[in-house]
Amino acid sequence: MPRSEDERLIALEARCVCEDPLFARAMSIGRPRRPREFRRTGAWWALAVTTAVLIGGVIVANGLLIATGLVGAGLAAQLLDPPN
């Protein structure tokens, strides 16, 4: 027995509210915002901080800071990669 379109829409709405409540609330008031998987501000901040650590490590000539900056920049760059 096929489900009606209304039931499918209600199920989709419930799943959206569970996964990203801020996005669901913004859609209900008519001012949409990006879904969670497309928000990248934290990744940009992480990239900026780890780049500063990397540059600081190069200036101070500290291998541990350089390694930390490189690993952190790699992780931040991975966060900027769009989901498939």
*asked:* Suppose we screen for side-chain contact (heavy atoms from CB on, under 4.5 Å). Which residues come up paired with W44, at least two apart in sequence or across chains?
replied: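 Result, side-chain contact (heavy atoms from CB on, under 4.5 Å) vs W44: R40, L47, L80.
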Enumerate donor-acceptor pairs with a distance under 3.5 Å from any side-chain N or O in residues 59-74 to protein atoms, sequence neighbours excluded.
residue, atom, partner, partner atom, Å
N62, OD1, L64, N, 3.0
T68, OG1, L64, O, 2.8

_Hydrophobic cluster of L79, others only, ordered by chain and residue number, side-chain cut-off 4.5 Å_ =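 Joined to L79, directly or through intermediates: none.
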*Write down the atom of A76, the atom of A43, and the distance for their closest heavy-atom approach.*
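A76 and A43 have their closest heavy atoms at CB-O, 4.0 Å.
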